[in-house]
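To start, the structure under review is shown below, and the notes come after it.
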Amino acid sequence: MSFPLLTVTAALPAVGAVATAAVPAARRTAAKWLALLVSLATLVLAAVVLIRFDPDGARYQLTESHAWISDFGVRYELGVDGIGAALMALTALLIPFVIGAGWHDADDRADEQANRRWRPTQGFFALILAVEAMVLVSFAATDVFLFYIFFEAMLIPMYFLIGGFGDRAHAAGEEEGAKQRSYAAVKFLLYNLAGGLVMLAAVIGLFVVSADSLGQGTFSLPELLKARASGDLTMATSTERWLFLGFFVAFAIKAPLWPLHTWLPNAMGESTAPVAVLITAVVDKVGTFAMLRFCLGLFPEASSWATPVVLGLALVSVLYGALLAVGQRDIKRLVAYASISHFGFIILGVFAMTSQGQGGATLYMVFHGISTAALMLVAGFLISRRGSRLIADYGGVQKVAPVLAGTFLIGGLATLSLPGLAPFVSEFLVLVGTFERYPVAGIIATVGIILAALYVLVLYQRTMTGPIRRPEIEKMPDLKVREVAVVAPLVALLLFLGVFPKPLTEIVNPAVEHTLSDVQKKDPKPQHPVAEHAGSDDKPAGHGGGDHE
């Protein structure tokens with residue numbers, strides 16, 4: 001029996017969460033170091049997963065399969081393709097930075113506990129590790145029911161992180177801030193639970209359909225994909241479309257996609273900066289990942305049927321999120337609306353049904369996670385110094401804290417996809433891949449780039465440049481050693497992957513090819529003017545937005 005690398009990788013933070021929560025109340029520092037060491041060990045294991053993954057090998061690698069609930073066809077099955085391996089690495093990479101940035105975020109709550117029976121510091125870091133464990137299983141699960149369990153279970157620790165450890169830098173005071181944190185946590189939970197219930201009905205429906213076609217119901221994704229490709233698994237068109245919608249709605253809420261996005265600005269705005277990073281850079285990626293793995297793989301006809309509507313919603317997300325980011329007065333809500341715009345780009349690339357579009361969407365998931373983490377964590381350091389999230393309360397910060405201002409600028413430039421930084425590569429591929437098949441959609445999406453430059457540069461100008469308008473800014477300290485250690489590696493990654501993304505593209509591209517094969521799509525043939533003029537047989541069959549296969 002081979003070593004269960006995927007199980008150990010996901011189990012380590014789960015065990016670490018229990019151990020961290022059990023640390024005595026008086027040993028807060030020990031709990032922090034334990035959580036950090038566990039996250040670093042998990043990062044090493046995730047790196048091993050990425051290194052051991054062979055792009056030229058089988059579609060799903062490092063597989064594990066064990067009987068679990070045999071009567072209902074549920075198995076404990078894990079396996080990663082290139083997309084899953086890359087996102088596992090992203091998750092494991094970001095958690096140590098989340099822990100480092102949130103080193104003191106729960107200390108004030110611990111100081112408020114006179115009897116010290118409740119251990120908020122231990123609980124805070126234990127919840128972060130619990131989320132990591134559940135997200136890692138979600139990226140590796142190849143049993144649909146197993147995926148669903150962890151897809152839903154991660155909501156519980158996230159609810160407590162938002163509601164119990166939210167941001168206290170509220171302009172209306174602590175009492176109003178507590179109400180807003182509670183509202184944001186409940187809204188997050190209700191939205192995602194509603195999507196999960198719709199998905200549960202679709203999961204059960206998929207099992208029933210597989211039982212009718214195969215003689216025995218199964219939740220195994222590799223078996224379902226194999227039966228789908230061979231024609232053994234058949235669905236009525238209406239059935240497939242309803243099942244697709246059941247999965248897609250849950251993933252669109254998690255992603256989030258307009259108009260199911262409204263929970264995200266509240267959740268990110270009321271969370272601490274590290275928890276906000278956990279939401280948008282880690283947890284939300286499960287939604288876009290699942291669109292590729294489950295929606296396109298299991299329901300190819302329905303995916304093609306829904307593509308025009310999904311592309312329209314994605315374009316609305318791109319423009320709507322960017323426009324609202326331009327008008328924000330709250331730093332963290334600005335980053336939240338910017339993320340909605342970025343998720344629109346990701347979903348646009350997924351449903352462009354081209355190798356460049358889907359490859360770019362996968363890279364976008366990774367690079368957006370790194371760039372958003374860099375920007376949001378530096379914003380969190382800024383807010384913790386001033387005690388305010390309002391842009392108007394800043395100005396001239398670069399005069400007193402040049403390192404903070406410089407890293408804030410790099411994070412912002414990465415967010416607007418400046419050439420030379422990693423997100424540019426992914427956004428360019430998404431736009432090119434979209435334009436190949438849907439040129440009008442590709443042209444409209446480019447407006448989001450212009451708006452991104454506007455909201456990022458205006459944010460930097462109003463907070464960092466100009467005269468010092470507030471006396472609190474004059475005494476603002478620059479980044480400390482711990483904070484530099486958190487941000488510097490993220491900046492280095494943005495620079496490195498911006499000029500050399502090849503190692504990641506080589507891992508991702510084979511998985512993208514498999515996904516395109518599932519939906520029976522090929523990249524459109526380029527429209528060559530000479531061939532068209534000569535009436536060549538190579539001339540594409542259609543123009544504009546059709547499928548040229």
Side-chain angles (χ1 to χ4, degrees), residues 43 46-47 50 55 82-98 101 139 277-278 280-282 284-285 288-289 292 318 322 335 338-350 355-379 406-434 445-446 448-449 452-453 455-457 460 486-509 511-512:
L43 175 58
L50 200 62
I83 300 171
L87 292 175
M88 285 184 72
L90 171 69
T91 301
L93 171 70
L94 292 181
I95 296 300
F97 299 116
V98 168
F139 288 140
V277 170
L278 198 62
T280 190
V282 176
D284 287 356
K285 297 300 188 298
T288 47
F289 161 79
L292 278 167
V318 169
V335 179
S339 291
I340 292 171
S341 181
H342 294 149
F343 276 105
F345 276 110
I346 294 172
I347 296 171
L348 192 70
V350 169
S355 59
Q356 287 180 318
Q358 292 185 353
T362 303
L363 294 179
Y364 213 130
M365 295 183 217
V366 178
F367 298 159
H368 170 263
I370 299 172
S371 63
T372 300
L375 180 61
M376 180 59 83
L377 293 180
V378 178
T407 52
F408 191 83
L409 178 61
I410 294 174
L413 293 177
T415 298
L416 64 82
S417 299
L418 183 76
L421 297 174
F424 169 77
V425 178
S426 54
E427 190 163 281
F428 178 78
L429 287 174
V430 165
L431 290 173
V432 170
T434 302
T446 57
I449 302 175
Y455 62 69
V456 168
L457 295 178
Y460 183 82
V486 168
V487 178
L490 296 175
V491 171
L493 277 172
L494 290 172
L495 293 169
F496 174 76
L497 293 173
V499 297
F500 190 60
K502 183 179 179 181
L504 198 57
T505 59
E506 289 181 342
I507 292 174
V508 164
N509 286 342
V512 169

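For the single chain, residues carry numbers from 1 onward in sequence order.
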Are side-chain heavy atoms of Ile346 and Phe343 found at a separation under 4.5 Å? yes
With rounding to the nearest 0.5 Å, note down the distance linking CG in Leu490 to CD1 in Ile410. 11.0 Å
Can you name the nearest heavy-atom pair linking Gly82 to Val508, along with the distance? O-CG2, 4.4 Å
Are Phe345 and His368 close enough that their ring centres sit under 6.0 Å apart? no
Reported CG-to-CD1 distance for the pair Leu421 and Ile370, which is rounded to 0.5 angstrom: 11.5 Å
Taking all atoms of both residues into account, what is the closest heavy-atom pair of Val486 and Ala101, and its distance? CG2-N, 3.8 Å
Between Gln358 and Val350, which heavy-atom pair has the shortest distance, and what is it? NE2-O, 2.9 Å
Could you check whether any side-chain heavy atom of Ile449 comes within less than 4.5 Å of a side-chain heavy atom of Leu416, counting everything from C-beta outward? no
What one should report as the nearest heavy-atom pair of Leu504 and Val366 is CD2-CG1, 3.9 Å
Taking C-beta and beyond as the side chain, do Leu292 and Met365 meet within less than 4.5 Å on heavy atoms? yes
To the nearest 0.5 Å, tell me how far Lys502 NZ sits from Ile507 CD1. 12.5 Å
Within the 4.5 Å heavy-atom criterion, are Leu43 and Ile95 side-chain neighbours or not? no
Do Thr280 and Thr372 have side-chain atoms, one donor and one acceptor, less than 3.5 Å apart? no
What heavy-atom pair brings Glu506 and Pro55 nearest, and what distance separates the two atoms? O-CB, 3.4 Å
Mind running side-chain contact (heavy atoms from CB on, under 4.5 Å) on Leu93 and Leu493 for me, showing each step along the way? CA-CA 11 Å; Leu93 171 70; Leu493 277 172; 3.4 Å; yes
Is the shortest heavy-atom distance from the side chain of Leu494 to the side chain of Pro423 under 4.5 Å? yes
Which atom names give the shortest non-hydrogen contact between Ala281 and Leu94, and what distance separates them? CB-CD1, 3.7 Å
Measure the shortest side-chain to side-chain distance between Asn509 and Thr362 over non-hydrogen atoms and say whether it is less than 4.5 angstrom. no
Got a sec, which residues hit ring pair (Phe, Tyr, Trp, His ring centres under 6.0 Å) with Phe424, two or more places apart in sequence or on another chain? Phe428
Got Val318 and Ile340 here, is their nearest side-chain heavy-atom distance under 4.5 Å? no
With heavy-atom distances below 4.5 Å as the criterion, would you say the side chains of Val282 and Val277 are in contact? no
Quick check for you: to the nearest 0.5 Å, what is the distance between Leu409 atom CG and Tyr460 atom OH? 5.0 Å
How many angstroms lie between OG1 in Thr446 and CD in Glu427, if you round to the nearest 0.5 Å? 10.0 Å
Quick one: OG1 on Thr91 to CZ on Phe139, what's the gap to the nearest 0.5 Å? 4.5 Å
